[in-house]
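First comes the structure, then the notes that go with it.
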Protein chains: 2
Amino acid sequence: MRIGQLARRSGVSVRALRYYEEQRLLESTRTPGGQRDYPDEALERVQLIQDLFAAGLSSRTVVELLPCVSTGVATLAMLDQLIIERDRIAARIQDLTRAKTKLGRVIENVTAANVAQD
Amino acid sequence: MRIGQLARRSGVSVRALRYYEEQRLLESTRTPGGQRDYPDEALERVQLIQDLFAAGLSSRTVVELLPCVSTGVATLAMLDQLIIERDRIAARIQDLTRAKTKLGRVIENVTAANVAQD
DNA sequence: CCTGAACCTGACGTCAACGTGAGGTACGAG
DNA sequence: CTCGTACCTCACGTTGACGTCAGGTTCAGG
């Protein structure tokens, strides 16, 4: 599979895929002409990378954790890092939940105010 | 209250407070000498700004929504925007929850692998 | 009056995850 | 062989929320 097709299938840009390779998040073989060639598994890999980015992990963290996330084999340092990241995500969820609740209350109040005004 | 004290109380940097003013998120009166002077309510205001930033709102969005968040009076456009942001936060929470679950499973697996290896 | 801490205004630097050309090469169809 | 599209490698631009440095001013205490 070439880069354009992988981009369309995964929904990320061609530029992003090259960036992932530059950051050692994604590998590719090359055709004799120098074009990137990806195996089918690359699609899942890209989706995994996207998930981790969406979770707020940096590319540096992702490159450290990708091996154990895909293989299931980890050093103790990796395990620590995994736990740190999971807890960070949990804390972030708490923050967002608080903010959502706060906004929800504001919405209720201003809605009531508008109804009263109309 | 001067800027340094507000910074210490709120936990944000002096630079950040000046930035908030620049973005019209926060007002201040000035002493005859030109130094910023904040009322006590500024502390809550700063904390509110931080909460909204933490929720992923941009300063442009915050400056649009701050009036109705603090006064409870909103236009219909503001209400729409509020709902959009709340839903965006809810979607983000979903994403993070999925990512956390995924990491949690990875943690369980690699832990088991380590125990088995030792 | 003097001094050190806190404050002021520019204005350039940072960082991450790409976007966006520029200028050239590879590939598949006809 | 030629055309059009997809691909290649630099390499600079973007965005947001500040950090940081420079050069000068204000304030409170002694």
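In what follows, every chain begins at residue 1, and chains take the letters A, B, ... in the order their sequences are listed.
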What does the list of N/O pairs under 3.5 Å between the protein and nucleotides 18-22 of chain C look like, with a distance for each?
from   : atom 1 : to      : atom 2 : distance (Å)
C:dC18 : OP2    : A:Tyr20 : OH     : 3.2
C:dG19 : OP2    : A:Ser13 : OG     : 2.6
C:dG19 : N7     : A:Arg15 : NE     : 3.2
C:dG19 : O6     : A:Arg15 : NH2    : 3.1
C:dT20 : O4     : A:Arg15 : NE     : 3.2

5'-most by nearest nucleotide on DNA chain D - A:Arg18 or B:Ser59: A:Arg18
Sugar-phosphate, base or nothing in reach of A:Arg60, heavy atoms under 4.0 Å: nothing
Pair A:Arg30, A:Gln35: side-chain N/O donor-acceptor within cut-off below 3.5 Å: no
Protein-nucleotide distance (A:Glu22, atom CD; D:dC8, atom C1'), rounded to Å: 14 Å
Contacting residues from residues 81-96 of chain B, given that a heavy atom lies under 4.0 angstrom of DNA chain D: none
B:Thr29 (side chain) donor-acceptor with B:Asp37 (main chain) under 3.5 angstrom: yes
Neighbours of DNA chain C within residues 31-44 of chain B, by heavy-atom distance under 4.0 Å: B:Gly34, B:Gln35, B:Arg36
Euclidean distance, atom CG of residue A:Leu25 to atom P of C:dA17 [Å, nearest integer]: 9 Å
Between CZ on residue A:Arg86 and CD1 on residue A:Ile89, distance to nearest 0.5 Å: 9.5 Å
Sugar-phosphate only, base, or nothing, as touched by A:Ile49 at under 4.0 Å among non-hydrogen atoms: nothing
Candidates A:Gln50, A:Glu27, A:Arg45 - the one meeting side chain to side chain donor-acceptor pair (under 3.5 Å) with A:Tyr20: A:Gln50
Check: A:Lys102 and B:Val69 side chains under 4.5 Å, non-hydrogen atoms: no
A:Ile3 CD1 - C:dA26 C1' separation (whole Å): 14 Å
Residue B:Gln47 excluded, over 12 heavy atoms near CD under 6.0 Å: yes
Linked, directly or transitively: B:Ile83 and A:Val106 (ILVMFWY side chains, under 4.5 Å): yes
side-chain N/O A:Arg8 vs D:dA6 OP1/OP2, d < 4.0 Å: no
d(CZ, B:Arg2; C1', D:dT25) in whole Å: 13 Å
Whole angstrom value for the distance that separates P of D:dA17 from CG of B:Leu52: 12 Å
Short N-O contact, B:Glu22 and B:Arg18, less than 4.0 angstrom: no
Side-chain (A:Arg92) to main-chain (B:Ala54) donor-acceptor, under 3.5 angstrom: yes
Among A:Ile49, A:Val63, A:Leu52, side chain to side chain contact (heavy atoms under 4.5 Å, CB included) partner for A:Leu57: A:Leu52
A:Leu25 side chain near A:Phe53 side chain, heavy-atom distance below 4.5 Å: yes
Atom pair distance, as rounded to whole Å: CG in A:Leu26 and P in C:dA17: 15 Å
